[in-house]
Amino acid sequence: MTTDKRRRHSAPVVDGINKSASRAMLRAVGFTDEDFRKPQIGIASTWSNLTPCNMHIDGLAREAAKGADGAGGKSLIFNTITISDGIANGTEGMKYSLVSREVIADSIETVAGCEGFDGLVAIGGCDKNMPGCMMGLARLNRPSVFVYGGTIMPGENHTDIISVFEAVGAHARGNMELIEVKQIEETAIPGPGSCGGMYTANTMASAIEAMGMSLPGSSAQNAISDSKLADCEAAGAAVLKLLEADIKPSDIMTREAFENAITVVIALGGSTNAVLHLLGMASTVGVELSLDDFVRIGKQVPVLADLRPSGHYMMSELVAIGGIQPLMKMLLDRGLLHGDCLTVTGKTLAENLETVVPYPEGQQIIHAFDNPIKADSHLRILYGNLAPEGSVAKITGKEGTHFSGRARVFHSEEEAQARILDGTVVAGDVLVIRYEGPKGGPGMREMLSPTSAIMGKGLGSDVALITDGRFSGGSHGFVVGHITPEAAVGGPIALVEDGDTITIDAVSNSIVLEISDAEMEKRRKAWTPPEPRFTRGVLAKYARVVSSASTGAVTDLP
C-alpha cells in the first residue's frame with residue numbers, strides 16, 4: 001500500500017497484487033504503470049447537447065483534465081445528467097427539474113465513491129446541475145473545485161431567453177405580431193452558455209465563487225472565451241494543491257462562507273432559487289442555515305447591481321467591466337464579507353481580493369453604496385397565517401412593497417397560464433398556484449411561464465402571484481414563492497378560496513390571508529389530502545422523501 005497521503009481513496013482500488021483486475025480494466029482506458037502511482041482526479045462533466053447551457057462543457061472537461069494531468073494527477077472524465085428548465089418550463093416535464101439536483105448529487109457521489117477518486121473537479125452550466133454538483137462534492141468531502149461553464153452572449157437587440165417568454169405574453173395582449181415573436185425566438189439564444197441575466201445559473205455561480213469553492217473570476221466569464229478555458233485548466237491543477245494541503249469542502253463551506261454567498265447574491269439582485277439551493281447545500285455539508293439568516297443579512301446588504309431581470313444589463317456586460325471580484329472587494333472593504341474564509345486557492349478570501357482593481361470610472365452596472373438600487377435585500381422572507389414556516393419573495397421595489405387583492409385560485413401552473421392569456425386574470429387579482437410544492441407537484445416547478453405572461457400582458461404592477469412552487473431567476477413582478485407548509489401537506493395555502501383577500505407587505509415581511517382563525521380552522525377540518533400524483537418512478541420516490549422548501553427541499557435528511 002502506498003504511503004502517499006494524496007492517494008487515500010485510489011490506493012485501495014489499484015495497489016497490490018489483489019488489485020490486478022482493477023488495473024487491467026484501467027489499462028484499457030489508457031492507464032500506464034506510472035499512472036497507478038498518481039492521485040486520481042475525477043472530472044464531473046455535465047455535458048449534453050440538449051441545452052445551450054451545457055453544450056460546450058465536454059471541451060471544458062478536457063481542459064480541466066489537462067490541468068490535473070499536468071500537475072501530476074491522473075484524470076478520469078465522467079458525465080452526470082442535466083435537464084433544461086428553459087425547454088421544460090410550463091410543462092409536466094418541469095417537475096423533474098429540482099429532482100435532477102438530487103439525481104446529480106447522487107450520481108457524483110456514486111461514481112466517485114465507487115471508483116476511489118482522490119479529488120474532483122465538477123463543471124456545471126445550468127440551474128440545477130450547479131447546486132447538484134456542489135452537494136455531491138460536499139457529501140464526498142474530498143479536495144474539490146467547482147467550475148462554472150460561463151454565461152451566454154446577448155441575442156440580437158439585447159435579447160435573451162426571458163425576452164422570448166415575455167414576447168408570448170405580449171402577443172396574447174395584442175402588442176406583438178407572430179412574426180415578431182418568431183424573430184425574437186430565432187435570435188435570442190446565439191450559442192453556448194447559461195441564460196444571460198442574473199438568473200439562477202449566474203446567481204449560483206456567483207454564490208459558489210463567493211463561498212470560495214471556485215477559483216477567483218470563474219463565475220464571471222463568457223462560456224466561449226480563452227479565460228474560461230484557462231479557468232478550467234487551472235481548476236484541474238488546483239485540486240492537486242488542495243490534495244497536498246488536505247483542504248476539503250468542509251474546510252471551505254463554513255457558516256461564514258455561506259454568509260458571504262448570501263451577501264453577494266443580495267448585492268447582485270440574484271434569484272430566489274439561491275435561497276433554496278444554499279439551504280440545501282448547507283444541509284448537505286452540515287452547516288446550520290435558515291431562512292432567518294437571509295433576513296438578518298438582508299438588513300445590512302443593499303442591492304447594487306442593475307442586472308436583468310429587474311434591471312437593464314446582462315452578465316456578459318458585467319464580465320466586460322471586471323465581473324464580481326471588484327464588487328466583492330467593495331463588500332469586503334465595507335465590512336460585509338468575512339475575509340478570513342479559506343478558498344480553493346489555499347488562500348483566504350481577503351488574500352484573493354488584495355490585487356483586485358476597482359470597476360472602471362463611469363460604468364453604470366454596479367452602483368455605489370450611497371446610490372443603491374435598493375437599500376436592503378430584495379430577497380424578502382415573509383411569514384404570516386398563510387406561510388407560518390416562511391415564504392420567499394423577490395421585491396426590488398419597482399413592483400411596490402405592498403399588495404392587497406382578491407384571490408384567484410388555481411391547482412396547477414397550466415390552469416393559471418391559460419387564464420392569464422385568455423384575459424380571465426385582471427388587475428387586483430392575487431393568483432394562487434398551489435399543489436406545486438416539492439411533494440405536491442411533485443418537484444416544485446418554476447412559475448416562469450405565468451410570470452412572463454403577466455409581464456407580457458402588461459399586468460406586472462397590477463396583479464400578484466403566490467405559490468408553494470418556486471420561480472425562475474428570470475421571473476419578476478410582485479411574486480411570492482416557496483410558501484410553507486405546502487398545500488399537499490395541508491398548509492394554509494390549501495385553504496384559500498376564490499375571492500378571499502390576501503395582503504402581502506414586503507416592509508413588515510408579512511403575507512396574510514384575511515379570514516378569521518375560526519374560519520381557517522373550519523376549512524382545515526374540511527380539507528382532505530390529495531391522492532399522490534405519481535406512485536412509481538423517480539417523482540414518486542422524490543415526493544416520499546423530500547423535505548420542506550424551508551429546509552432546502554433535500555432528500556437525505558437523517
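All values below come from the heavy atoms of this structure, side chains included, with hydrogens, waters and symmetry mates left out. This is a predicted model, so every value here is computed, not measured.
A salt bridge does not link Glu497 with Lys522: none of the charged nitrogens is closer than 4.0 Å to a carboxylate oxygen. Salt-bridge check for Glu519 with Arg523: passed, with a basic side-chain N closer than 4.0 Å to an acidic carboxylate O. Salt bridge Asp468/Arg434: absent, no basic N to carboxylate O contact under 4.0 Å. In summary, Asp498 and Arg408 do not engage in a salt bridge, as defined by a charged side-chain N under 4.0 Å from a carboxylate O. In summary, Arg139 and Asp556 engage in a salt bridge, as defined by a charged side-chain N under 4.0 Å from a carboxylate O.
Atom CD1 of Ile395 is separated from atom CD1 of Ile504 by 7.5 Å, given to the nearest 0.5 angstrom. Remark: Ile511 CD1 to Asn385 CG distance equals 9.0 Å, nearest 0.5 Å. Note that CD of Gln417 and OG of Ser412 are 10.5 Å apart. Values are rounded to the nearest 0.5 Å. Summarising the geometry, atom CE belonging to Met198 is positioned 8.5 Å from atom OG1 belonging to Thr151; distances are rounded to the nearest 0.5 Å. Atom-to-atom distance recorded for Glu180:CD and Glu185:CD is 13.5 Å, nearest 0.5 angstrom. Remark: Ile83 CD1 to Cys126 SG distance equals 6.0 Å, nearest 0.5 Å.
Residues meeting the salt bridge (Lys or Arg N to Asp or Glu O under 4.0 Å) test with Arg255, sequence neighbours left out: Glu259, Asp293. Residues satisfying the salt bridge (Lys or Arg N to Asp or Glu O under 4.0 Å) criterion with Glu92, sequence neighbours excluded, are Lys95.
Not one N or O on the side chain of Asn509 forms a donor-acceptor pair closer than 3.5 Å with the backbone of Tyr383. Between the side chain of Thr284 and the backbone N or O of Gly280, at least one donor-acceptor pair lies under 3.5 Å. Side-chain atoms of Lys374 do not come within 3.5 Å of backbone N or O of Thr396 as any donor-acceptor pair. Side-chain N or O atoms of Thr551 include none that pairs as donor or acceptor with a backbone N or O of Ser547 at under 3.5 Å. Here the side chain of Thr91 pairs a donor or acceptor atom with the backbone of Ala88 at under 3.5 angstrom. Of the possible polar contacts, none joining the Arg308 side chain to the Gly197 backbone as a donor-acceptor pair under 3.5 Å is found. A donor-acceptor contact shorter than 3.5 Å links the side chain of Trp47 to the backbone of Met55. Not a single donor-acceptor pair under 3.5 Å links the side chain of His482 to the backbone N or O of Gly390. Under a 3.5 Å cut-off, the side chain of Ser107 and the backbone N or O of Val103 do form a donor-acceptor pair. Looking at Thr401, its side chain never comes within 3.5 Å of a backbone N or O of Val507 through a donor-acceptor pair.
Between the side chains of Tyr148 and Asn202, at least one donor N or O lies within less than 3.5 Å of an accepting N or O. Asp422 and Thr424 share a side-chain donor-acceptor pair at under 3.5 Å. Ser271 and Thr203 share no donor-acceptor pair across their side chains, judged by distance under 3.5 Å alone. Judged purely by distance below 3.5 Å, without hydrogens or angles, the side chains of Thr82 and Asn129 pair a donor atom with an acceptor atom. A donor and an acceptor atom, one from each side chain of Arg101 and Thr555, are nowhere located under 3.5 Å apart. Residues Ser475 and Glu446 bring no donor and acceptor atom of their side chains to less than 3.5 Å of each other. Side-chain atoms of Asp85 and Tyr199 include no donor-acceptor pair closer than 3.5 Å. Side-chain contact of Ser48 with Asn54: a donor-acceptor pair under 3.5 Å is absent, judged by distance alone. Side-chain atoms of Asp160 and Ser163 form a donor-acceptor pair, as typed in the model, at a separation below 3.5 Å. Neither side chain, Glu209 nor Ser214, offers a donor N or O lying under 3.5 Å from an acceptor on the other.
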Walk me through it: do Arg406 and Asp500 pass the test salt bridge (Lys or Arg N to Asp or Glu O under 4.0 Å)? CA-CA 5 Å; Arg406 58 189 172 275; Asp500 286 345; over 6 Å; no
Pair Met281-Phe258, side-chain contact (heavy atoms from CB on, under 4.5 Å): steps then yes or no: CA-CA 9 Å; Met281 289 158 57; Phe258 277 95; 3.9 Å; yes
I would like to know whether Lys299 and Asp376 meet side-chain contact (heavy atoms from CB on, under 4.5 Å); could you show each step before the answer? CA-CA 5 Å; Lys299 292 176 181 178; Asp376 57 1; 5.8 Å; no
Can you check side-chain hydrogen bond (donor to acceptor under 3.5 Å, both in side chains) on Thr503 and Glu514, steps first, answer last? CA-CA 7 Å; Thr503 300; Glu514 305 283 3; 2.9 Å; yes
With side-chain hydrogen bond (donor to acceptor under 3.5 Å, both in side chains) as the test, would you mind laying out the steps for Asp505 and Ser510 before giving the verdict? CA-CA 5 Å; Asp505 193 319; Ser510 62; 5.1 Å; no
Ile162 vs Leu448, side-chain contact (heavy atoms from CB on, under 4.5 Å): CA-CA, chis, key distance, verdict: CA-CA 9 Å; Ile162 304 305; Leu448 178 57; 3.9 Å; yes
Intermediate values then yes/no, side-chain contact (heavy atoms from CB on, under 4.5 Å), Leu539 and Arg533: CA-CA 9 Å; Leu539 293 179; Arg533 296 187 179 185; over 6 Å; no
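Taking every heavy atom of both residues into account, Thr159 and Ala188 meet most closely at OG1-CA, 3.5 Å. The heavy-atom pair separating Pro52 from Ile189 by the smallest distance is CG-CG2, 3.8 Å. In this structure, Ser250 and Asn141 approach most closely via the heavy-atom pair N-OD1, 2.9 Å. Nearest heavy atoms, Ser144 versus Met213: O-CE, 3.8 Å. Nearest heavy-atom pair across Gly132 and Ile104 is C-CG2, 3.8 Å. Contact record, Ile381 with Phe294: CG1-CB, 4.1 Å, taken as the closest heavy-atom pair.
Under a cut-off of 6.0 angstrom, the local environment of NE2 in His312 is sparse, with at most 12 non-hydrogen atoms contributed by other residues, nucleotides or ligands.
Taking the six-membered ring for Trp and the full ring otherwise, the centers of Phe117 and Phe78 sit less than 6.0 Å from each other.
Between Phe478 and Leu465 there is no side-chain heavy-atom pair separated by less than 4.5 Å. Between Leu291 and Leu279 there is a side-chain heavy-atom pair separated by less than 4.5 Å. Side-chain atoms of Arg142 and Lys248, non-hydrogen and from C-beta on, never get closer than 4.5 Å to each other. Between Glu414 and Arg445, some side-chain heavy-atom pair lies under the 4.5 Å cut-off. Counting only heavy atoms from C-beta outward, the side chains of Ile454 and Leu431 approach each other to under 4.5 Å. Contact annotation: the side chain of Lys394 never approaches that of Phe471 to less than 4.5 Å [non-hydrogen atoms, C-beta and beyond].
Of the candidates His171, His476, Met176, Glu166 forms a side-chain contact (heavy atoms from CB on, under 4.5 Å) with just one, namely His476.
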